[in-house]
A.B. asks: 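Here it is, the structure in full.
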Amino acid sequence: MKTFEELGVAEEIRRAITEMGFENPMPVQEEVIPYLLGIGNDVIALAQTGTGKTAAYGIPLLQKINPEDHTTQALILSPTRELCLQISDDLKDFSKYMEGVRIVPVYGGTSIVNQINALKKGVQIIVATPGRLIDLMNRGVAKLDNVVNVVLDEADEMLNMGFSESIDEILEGVPETRNTLLFSATMSKEIEAIAKNYLHDHKEIVVGSRNEGAEHVNHIYYMVHAKDKYLALKRIVDYYPKIFAIIFCRTKVETQEIADKLIRDGYNAESLHGDLSQQQRDLTMQKFRQHLTQLLVATDVAARGLDVDDLTHVINFGLPEDIENYTHRSGRTGRAGKKGTSISIVHTREQKKIKNIEKEIGKKFIEADLPTPQEICTKQLYRVMDQIEKTDVNEEEIAPFMEEINRHFEYMEKEDLIKKIVSRNFGRFLAYYADAPVIEKPSAKSERSKGEGKGKGRRGKTEKGYRRLFINLGKVDGFYPGEVMQFINKHVSGRQEVGHIDLMSKFSYIEVPEEDAELVMQSLDGTTYKGREVRCNDADEKGHGKGNRTSRSASQGRDTREERPRTDDFSRFEKKPKRKPTREENHQEPRKQKKGTRGAARMESGRQDDWRQFFQGHDIILRGEEPDFNEEGWARRKPKKKK
C-alpha cells in the first residue's frame, strides 16, 4: 500500500489530511490522485459513496491551483445544496495550510446577493449546484474563462434530477482545453453520452465493478403484506437497539407520514424532504450528524450529500423505481471499510425487483424472517441491563442523598428493586409485544398460484382488511402503477393507501382498505382520464357493477344522461332465448305474425296483454278505452271506430 507522499501529494496538504485522520490512501484515491496530478487527463471514476471520492479529486485539484491568481481555476458541480456544502467544507479542511486559496459554495435556497459579493472578491474554486451557477453566469458574476479543471460529482444523480441540459450549458461556457473529471456511483447511458461529448481520450477508473454495490454492505429483505409494512419497520428497529439509520421512502408525503408515526410511537426520529424549509433541513441534518437523532426518514433527493459516519443500517420502506437509486441508498452505510446493512421491506409484487437489483449490483439478497416478539424483548432486556451496568456513578455528587435513598428503599428486597428498575426501562416493549398483532409472511408461490388467469385478471383472495375495486382503465389507456397512484391522489382527498394493483389490457383492479372503499369509489366513479369516462365499483359486483353504473353516477350528479325509469326487477327485461310455444299457447294466439307487422307487441310469454306488467305494483288508473294491440296501426291517437 502506497502513502500519500508516494502519490505525489504536497507537504502542506499532507499535513492537513494527517490532522483529519488520513493515514493511507483508499483504493480510489490511490488510482485517481497520481493520474489527475498530470495535465490533460480526463477521467471517469466509478466508485461508491463513502469510498473517499472527494479527497480523490479534491487533493490534486488544490495542488494544481495557483494561489496568486484570483480568477476561477476549478469548478465542481454537485446535485444538491447539502453535497455542495459538504464538498466545500472538505476542500477547506484539505487546504488549511495553503495560503491564499479561496473556495466558495454557490447554491439555491439562500440569498444570491451574498454569493455575488463573495465571487466578486475573487475565488479560485467554485463548488456549485447547476441551477444557481447558470443564474450567476447569466448575471456575469461567475466568470469561467480561466477554468482548467471541471469536476462532476455524483454525475448520475444530477442526470436523474433532470440537470442534463444545465450541464450542457455550463460545459459549453468553459474552455475546451479544460480537464474534465466525472465521478459517479453507476455508469448509465446518459453518463456515457456526456463522456462522448465533453471528455477527450478519457481514462475509466473503476473501483470494484461497474454499477457494483458497496463491498461491505449486507443486503437483506423481509417479505410482508403491504398493510403490515409499518409494523414490520417497528419490529426491525426494535430488534436493533443501537440502530443508527436512514429510512428511505418514495414520496414526500409518505416520508412525513412514517416519521410522524414513529415519533408518536416513541422513537427518536425526524423527517427530511423537499417540503421542509432550508433552515429546517439544515437543523435536521445537523442533529443527525451529531447522532442526536437515531432514525432519519428521508426521500432520495433530500438525502443526497448527507455524509454521516457510523451509519449502521439503511432501510428501504419499499424499493425505489430505479436500481441506481438503490445503489446510492445502500452506499450510505458500510463506509470507510466498516460493515453495514441494507434492509428492504417488500411485498410479493416487488420480488422481481429484488432479482433485477441482484443482477445489477452483483450481490445476493438474503430473505429473512421478521424477529418474533420474544426475540425482540430479549434483545431489549439485554440492552437495559447493559445500560444499567455501564452507568457511571459520581460518588461525590450522590453521597449527600444516599442516606435518604437507603431509608426509602430499606424495606424493599434487592430482587424486587431490580425488577422495578428493569421494568421501568423495559415495560414499554413488554406491554406492546404482549398483544402485538400477528404479521403473516406471504408466500410468493401461493400468491403466484392464485394470480391472474389468462385474460381474466383475477388474483384470488383479497388481502385481509382490504376491498378489491374495479376500474375500467388498463394498459391500453396508459394506466400503469405510477399513473394509478397519481390518479387516485388527484381525486381522493388526503393520502390514500393502496394495496395490490392488477393491471390488465383494458381494465384494472386495485385494493384499498375496507373503510376507504366507498370514498374511493365515489371519488373516482364518473371522473375522466384522458377523455375517457371512468367507472369504479366493487369488483365483486356482478359484471363488476356494470349494470349499476348509470344509477350510481346519476345519483351522484356526474352522469349527464337522463335517468331512466326503474322497476324493482330488471331481470324481466333481459333478452331470453327463443323457445317453442306450448300447445296451449298455440290455441290462444295466432301462430306467427307477418314480417314487418307491428300489431302484436308481445313479451317473453307471448301474451297480448303483457304490456300490463309495466304497471304492476303502482297505483295507476288508465283513462279511456283499453288499447287493442291486435289491431294494425295500434299507435293511432284514436281507436278505430267500431262498425
Side-chain angles (χ1 to χ4, degrees), residues 213-214 216-250 254-255 257-272 288 291 293-300 303 308 310-320 326 329-334 338-348 350-351 353-354 357 363-384 426 428-442 444:
H216 301 286
V217 177
N218 297 320
H219 301 268
I220 299 172
Y221 74 96
Y222 295 95
M223 186 75 69
V224 298
H225 292 292
K227 64 182 179 63
D228 294 328
K229 289 176 70 174
Y230 177 69
L231 295 176
L233 173 64
K234 288 177 62 177
R235 286 203 180 185
I236 293 167
V237 171
D238 289 343
Y239 187 68
Y240 297 101
K242 297 180 180 180
I243 190 171
F244 179 53
I246 299 177
I247 301 169
F248 282 102
C249 297
R250 292 180 182 175
E254 184 180 60
T255 299
E257 184 180 89
I258 297 302
D260 290 343
K261 284 184 177 180
L262 288 170
I263 293 169
R264 187 175 63 243
D265 290 340
Y267 295 92
N268 181 8
E270 298 245 11
S271 64
L272 183 68
F288 191 62
H291 290 226
T293 300
Q294 187 179 14
L295 303 171
L296 182 68
V297 190
T299 57
D300 289 291
V308 182
D310 303 325
L311 201 66
T312 61
H313 293 76
V314 165
I315 300 177
N316 300 286
F317 194 78
L319 294 172
Y326 181 85
R329 288 181 179 186
S330 59
R332 298 280 162 204
T333 186
K338 297 179 181 178
K339 293 289 185 181
T341 303
S342 175
I343 294 175
S344 300
I345 305 172
V346 301
H347 53 77
T348 52
E350 292 181 304
Q351 196 160 24
K353 284 186 180 179
I354 294 286
I357 294 172
K363 294 187 180 297
K364 198 74 175 174
F365 277 71
I366 299 171
E367 182 179 4
D369 294 326
L370 282 172
T372 64
Q374 179 70 28
E375 292 171 337
I376 293 170
C377 289
T378 302
K379 271 265 187 118
Q380 291 291 339
L381 177 60
Y382 286 144
R383 172 175 174 261
V384 171
F426 183 55
R428 180 172 72 91
F429 291 98
L430 286 176
Y432 174 76
Y433 284 107
D435 300 315
V438 177
I439 302 178
E440 296 179 355
K441 181 179 178 180

A.B. asks: So, for K234 and Y433, which heavy atoms are closest and what is the spacing to 0.1 Å?
C.D. replies: O-OH, 4.1 Å
A.B. asks: Does the side chain to side chain contact (heavy atoms under 4.5 Å, CB included) test come out yes or no for I439 and R235, once each step is laid out?
C.D. replies: CA-CA 10 Å; I439 302 178; R235 286 203 180 185; 3.7 Å; yes
A.B. asks: I'd like to check the salt bridge (Lys or Arg N to Asp or Glu O under 4.0 Å) partners of D260; sequence neighbours left out, ordered by chain and number.
C.D. replies: none
A.B. asks: Given the rule in the side chain to side chain contact (heavy atoms under 4.5 Å, CB included) test, do I236 and Y222 qualify, once you have shown the distances and angles that lead to the verdict?
C.D. replies: CA-CA 10 Å; I236 293 167; Y222 295 95; 3.6 Å; yes
A.B. asks: Just grab all the salt bridge (charged side-chain N to carboxylate O under 4.0 Å, His left out) pairs involving residues 366-384, residues at least two apart or on different chains.
C.D. replies: E367-K441, D369-K441
A.B. asks: Under 3.5 Å, is there a donor-acceptor pair linking the side chains of H219 and Y326?
C.D. replies: yes
A.B. asks: Roughly how far, to the nearest 0.5 Å, is CD1 of I247 from CD of E270?
C.D. replies: 12.5 Å
A.B. asks: Kindly compute the distance separating CD1 (I376) from CG (L381), expressed to the nearest 0.5 Å.
C.D. replies: 13.5 Å
A.B. asks: Any non-hydrogen side-chain atom of T299 less than 4.5 Å from a side-chain atom of F248?
C.D. replies: no
A.B. asks: About how many Å separate CD1 of I357 and NZ of K363, when rounded to the nearest 0.5 Å?
C.D. replies: 14.0 Å
A.B. asks: Within the 4.5 Å heavy-atom criterion, are I345 and Y221 side-chain neighbours or not?
C.D. replies: no
A.B. asks: So, the side chain of T333 versus the backbone of L311: is there a donor-acceptor pair under 3.5 Å, distance only?
C.D. replies: yes
A.B. asks: Do the side chain of R250 and the main chain of L319 share a donor and acceptor less than 3.5 angstrom apart?
C.D. replies: yes
A.B. asks: Report the C-alpha distance between H313 and Y240 in whole Å, list the side-chain angles of each, state the deciding distance to 0.1 Å, and finish with yes or no for ring-ring contact (aromatic ring centres under 6.0 Å, His included).
C.D. replies: CA-CA 10 Å; H313 293 76; Y240 297 101; 4.5 Å; yes
A.B. asks: Considering all heavy atoms of both residues, which atom of P320 and which atom of K353 are nearest to each other, and what is their separation?
C.D. replies: O-NZ, 3.8 Å
A.B. asks: Using only atom types and a distance under 3.5 Å, with no angle test, would you say the side chain of S271 pairs donor to acceptor with the backbone of V297?
C.D. replies: no
A.B. asks: Please examine the side chains of T341 and V314, heavy atoms only from C-beta on, and report whether any two atoms are closer than 4.5 Å.
C.D. replies: no
A.B. asks: Flag the pair Y230 / D265 as yes when at least one side-chain heavy-atom distance between them is below 4.5 Å, and no otherwise.
C.D. replies: yes
A.B. asks: Report the C-alpha separation of S344 and F365 in whole Å, then their side-chain angles, then the decisive distance to 0.1 Å, and conclude whether the side chain to side chain contact (heavy atoms under 4.5 Å, CB included) test is met.
C.D. replies: CA-CA 10 Å; S344 300; F365 277 71; 4.1 Å; yes
A.B. asks: What heavy-atom pair brings D238 and Q380 nearest, and what distance separates the two atoms?
C.D. replies: O-NE2, 2.6 Å
A.B. asks: So do the side chains of L295 and I243 get within less than 4.5 Å of each other, counting heavy atoms only?
C.D. replies: yes
A.B. asks: Could you measure the distance from the NZ atom of K261 to the CD1 atom of I263? Nearest 0.5 Å is fine.
C.D. replies: 13.0 Å
A.B. asks: State, to 0.1 Å, how close Q294 and F288 come at their nearest heavy-atom pair, and which atoms those are.
C.D. replies: O-CE1, 3.9 Å
A.B. asks: Say you draw a straight line from CZ of R329 to CD1 of I246; how long is it, rounded to the nearest 0.5 Å?
C.D. replies: 10.5 Å
A.B. asks: Can you name the closest pair of heavy atoms from C249 and T255 and give their distance?
C.D. replies: CB-OG1, 3.4 Å
A.B. asks: For N316 and S342, work out which heavy atoms get closest and say how close.
C.D. replies: ND2-OG, 3.4 Å
A.B. asks: Atom CG of N218 and atom NZ of K339: how far apart are they, to the nearest 0.5 Å?
C.D. replies: 6.5 Å
A.B. asks: Stepwise, does the side chain to side chain contact (heavy atoms under 4.5 Å, CB included) test hold for Y382 with V384?
C.D. replies: CA-CA 5 Å; Y382 286 144; V384 171; over 6 Å; no
A.B. asks: Checking K227 now: which residues fulfil side chain to side chain contact (heavy atoms under 4.5 Å, CB included) with it, not counting sequence neighbours?
C.D. replies: H225, E463, K464, Y466, E497
A.B. asks: Any non-hydrogen side-chain atom of H291 less than 4.5 Å from a side-chain atom of D310?
C.D. replies: yes
A.B. asks: Do V438 and E440 make a side-chain contact, defined as non-hydrogen atoms from C-beta onward lying under 4.5 Å apart?
C.D. replies: yes
